[in-house]
Amino acid sequence: MSDTPLQVLINQAPHTLPQGATLADAVALAGIQPPFAAAVNLQFVPRGQYGQHALANHDKIELISPITGG
């Protein structure tokens with residue numbers, strides 16, 4: 001395993017994370033506040049698994065907040 005940083009997209013914006021980063025690290029970097037849902041490469045990830053969900057280079061992360069109102 002190399003020490004080359006991971007290049008990921010968070011809500012279509014490029015970001016760099018260290019090797020071994022998890023979805024929890026990406027959420028912290030994005031600074032999004034709950035409530036929100038997260039998906040990696042279009043696959044929903046339950047909130048309790050953010051810290052265990054390892055990221056890979058070029059992963060596409062979507063952090064989606066619910067829209068309120070009507």
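Nothing here was measured: the structure is a model prediction, and the numbers come from that model.
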Using a 4.5 Å cut-off on heavy atoms from C-beta on, say whether the side chain of H53 contacts that of T22. no

Would you check if the side chain of Q19 reaches a backbone N or O of T4 as a donor-acceptor pair within less than 3.5 Å? yes

Under 3.5 Å donor-acceptor, N41 side chain and D59 backbone: no

Closest approach of P66 and P35, non-hydrogen atoms and distance? CD-O, 3.2 Å

Under the criterion side-chain contact (heavy atoms from CB on, under 4.5 Å), I'd like the reasoning laid out for K60 against Q12: C-alpha separation, chi angles, the key distance, then a yes or no. CA-CA 7 Å; K60 294 177 179 70; Q12 290 93 41; over 6 Å; no

Could you work out the complete set of other residues in the hydrophobic cluster of L63, with links drawn between I, L, V, M, F, W and Y side chains under 4.5 Å apart? L6, V8, I10, L17, L23, V27, L29, I32, F36, V40, V45, Y50, L55, I61

